[in-house]
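Below is one structure; the comments refer to it alone.
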Number of protein chains: 2
Amino acid sequence: MAAPPLFDRIRSEARSTAERKVASVLLEGYPTRALTTVEVLAKQASVSAPTVLRFLTKIGFSRFADFQAAAIADVERQLGSPLNNIRSEAPAETPHHIYQRTLLMQAEALQLAAAQAMPAEFDAIVDLLVSPRATIKLLGGRYSQNLAQRLATQLGQLRPSVVFTPLTLGFAYDTLVDAGPQDVFVIFDYRRYQSELLTFARGVRQSGARLCLFTDTWRSPIAEHADAVLTSPDASTSPFGSRVVVTAQIEAIVAAISLRCRDSSRDRLARIEELRNLGATEPSKES
Amino acid sequence: MAAPPLFDRIRSEARSTAERKVASVLLEGYPTRALTTVEVLAKQASVSAPTVLRFLTKIGFSRFADFQAAAIADVERQLGSPLNNIRSEAPAETPHHIYQRTLLMQAEALQLAAAQAMPAEFDAIVDLLVSPRATIKLLGGRYSQNLAQRLATQLGQLRPSVVFTPLTLGFAYDTLVDAGPQDVFVIFDYRRYQSELLTFARGVRQSGARLCLFTDTWRSPIAEHADAVLTSPDASTSPFGSRVVVTAQIEAIVAAISLRCRDSSRDRLARIEELRNLGATEPSKES
DNA sequence: CCATTCCTGTATTCTTTATTACATATTGAC
DNA sequence: GTCAATATGTAATAAAGAATACAGGAATGG
């Protein structure tokens with residue numbers, strides 16, 4: 001682990017006695033000691049505040065806030081992925097085939113999500129999705145429509161009034177026109193966020209309908225308008241964001257719902273199966 | 001995996017919607033995200049500053065500075081002990097909310113899949129999917145069409161000649177008519193297996209085209225006719241089979257492909273982006 | 001449906017903290 | 001030893017940020 005560039009800069013730039021005091025204080029407790037105020041640092045180094053400021057200017061930070069931001073960045077780097085914070089693992093054997101590496105990486109992502117999970121938020125979504133008189137309308141962005149569709153399909157098996165709204169060219173505001181307080185919208189929005197979706201979300205908000213949002217940890221701007229938000233890490237080995245955690249979230253939602261309304265959903269499932277078989281007994285023709 | 005006490009306190013005390021927003025922002029980036037100002041936190045959570053303050057009061061910090069100090073203490077604790085004290089605690093607590101249980105269950109499924117993985121099989125599929133003169137045709141059953149579509153979308157970004165074949169009513173054998181040795185089919189088939197897909201697969205076989213299959217560990221009968229098969233466990237907390245592992249497999253495939261043809265795929269991606277922006281500059285109208 | 005309670009945001013005030021201006025000390029060269 | 005140049009501290013000022021008071025709005029229970 002090479003020393004951070006900032007660390008070296010602090011060390012090499014200290015010239016005069018007071019500056020060296022400042023530098024050594026900084027280095028001793030690097031980087032966490034930088035997380036205080038100028039005056040505290042000054043006191044720790046037994047110098048005056050301006051001296052600290054001047055030194056930092058010298059190493060390239062005209063404003064103290066900039067220096068502190070850099071220090072925080074280093075803290076984050078040292079802590080590594082948030083995963084290490086919550087669940088510190090054995091040294092780990094990473095030398096693997098990309099296939100296995102991907103699977104294991106996603107396994108970790110799931111564990112991280114589980115550790116950070118906030119059941120209350122999750123339950124809030126479930127509450128919205130089980131309300132019997134509501135109509136559930138789902139949509140997503142270019143690459144997350146899939147997810148909306150998947151949830152729609154499964155949800156549609158468990159309860160009535162579920163609509164998947166494809167996000168087609170030109171965009172269909174038809175769904176929005178009829179929207180009212182009785183509706184619950186579910187939006188999937190991941191980077192790069194699509195402005196159309198934000199516009200849509202604002203409309204939802206105005207109509208008085210409820211809004212659930214699935215997004216990445218960077219948080220779509222739609223979050224501001226949502227009643228409940230479920231975020232997921234999306235780090236990936238591929239050039240596209242991972243949808244593994246979201247997929248699991250969707251399944252968890254479905255599981256919770258089918259548990260919540262055990263009877264009604266079981267009946268419904270049975271009935272669907274029945275209807276399907278009914279069709280199968282007829283000679284099925286192609287074309 | 002004992003999380004710091006502060007971490008748990010944040011999680012458990014969040015009651016109302018706004019507070020939950022605050023809490024999830026805090027948890028996502030714990031503990032470093034606490035190293036900013038109240039207003040930044042408020043903005044990130046899409047709530048007002050006083051709401052943040054009130055929440056922190058609730059979890060026992062009457063002054064923001066106190067909370068921040070506690071967060072910094074946690075940072076130092078984590079940086080201080082290289083091989084963390086966190087993990088040394090309880091080995092496994094399974095009694096959890098269904099949300100967390102689902103995520104953790106899927107994490108295990110992924111680890112299992114990684115352990116059982118056979119890279120050779122994986123590579124075989126990648127080989128088939130990168131061959132430049134081939135046309136890739138993807139399809140899936142009632143509930144796995146999604147997966148086919150997802151793979152198709154991503155694959156289509158990396159290489160030309162990718163077609164998603166929706167499995168519509170009556171079934172379209174159009175795709176099959178033109179099939180020949182130059183084609184590579186990708187089929188997703190999970191329980192309950194659909195007989196139409198099996199019929200289709202036989203047709204593929206006869207045409208001399210290659211066939212990749214994604215299925216569950218129970219192995220679709222199509223496996224018999226496939227050139228390469230990737231199976232996945234599908235245990236789930238919901239009444240439907242889980243698609244988490246498959247999703248990860250798909251992403252691994254995409255990752256491997258984009259790695260294999262680094263240059264061409266990057267160029268292609270850039271070009272797609274370019275074209276998309278081209279469209280964005282025009283005034284886009286709805287309807 | 002109404003009243004009450006709790007939640008949440010806006011605007012203001014007050015505190016803390018960074019920054020600057022200036023005076024004083026220190027160092028180094030001649 | 002004196003001058004110049006640089007380094008440092010003190011004190012005043014400006015900026016940023018935390019805390020508070022209040023008002024509007026949503027949820028809850030009758």
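These numbers come from the heavy atoms of this one structure, side chains and all, not from hydrogens, waters or symmetry mates. Protein chains get the first letters and strands the later ones, always in sequence-line order, with residue 1 at the start of each.
- B/E251 pairs with exactly one of A/S238, A/S236, A/S242 by the side chain to side chain donor-acceptor pair (under 3.5 Å) rule, that one being A/S242.
- Each of A/L138, A/V186, A/L158 was checked for a side-chain contact (heavy atoms from CB on, under 4.5 Å) with A/L129, and the lone residue meeting it is A/V186.
- Rounded to a whole Å, the CG atom of A/L41 is 14 Å from the P atom of D/dG9.
- Salt bridge status for A/R243 with A/D216: absent, with no side-chain N to carboxylate O gap under 4.0 Å.
- Atom C1' of nucleotide D/dT13 and atom CD of A/E39 are separated by 13 Å, given to the nearest angstrom.
- The side chain of A/P50 lies closest to C/dA21 when the candidates are C/dA21, C/dA18, D/dA18.
- Look at CD on B/E19: it is 7 Å from P on C/dC7, rounded to the nearest Å.
- Looking only at side-chain heavy atoms (C-beta outward), A/V22 and A/L41 stay at 4.5 Å or farther from each other.
- Under 3.5 Å, the side chains of A/E121 and B/S24 contain no donor-acceptor pair of N or O atoms.
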Check: protein-nucleotides 23-27 of chain D nitrogen or oxygen pairs below 3.5 Å:
none

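- Of the side-chain N and O atoms in B/T51, one or more sit less than 4.0 angstrom from OP1 or OP2 of C/dG9.
- Within a heavy-atom distance below 4.0 Å of DNA chain D, the residues of residues 53-74 of chain B found are B/L53, B/R63, B/F64.
- Side-chain contact between B/Y99 and A/P119: absent, with no pair of heavy atoms (C-beta onward) separated by less than 4.5 Å.
- Each of B/T36 and A/A49 lies near DNA chain D, and the nucleotide nearest A/A49 is the one positioned closer to the 5' end.
- Counting heavy atoms of neighbouring residues, nucleotides and ligands inside a 6.0 Å radius, atom CZ of A/R191 exceeds 12 of them.
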Residues 51-58 of chain B, side-chain donor-acceptor partners within the protein, below 3.5 Å, at least two apart:
| unit_1 | atom_1 | unit_2 | atom_2 | d |
| --- | --- | --- | --- | --- |
| B/T51 | OG1 | B/S48 | OG | 3.1 |
| B/T57 | OG1 | B/L53 | O | 2.8 |
| B/K58 | NZ | B/E19 | OE1 | 2.9 |
| B/K58 | NZ | B/E19 | OE2 | 3.3 |

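- A/K43 places its NZ atom 17 Å from the C1' atom of C/dA18, with the value rounded to the nearest Å.
- Under 3.5 Å, the side chains of A/T217 and B/E28 contain no donor-acceptor pair of N or O atoms.
- Residue B/S16 places at least one side-chain N or O closer than 4.0 Å to OP1 or OP2 of C/dT8.
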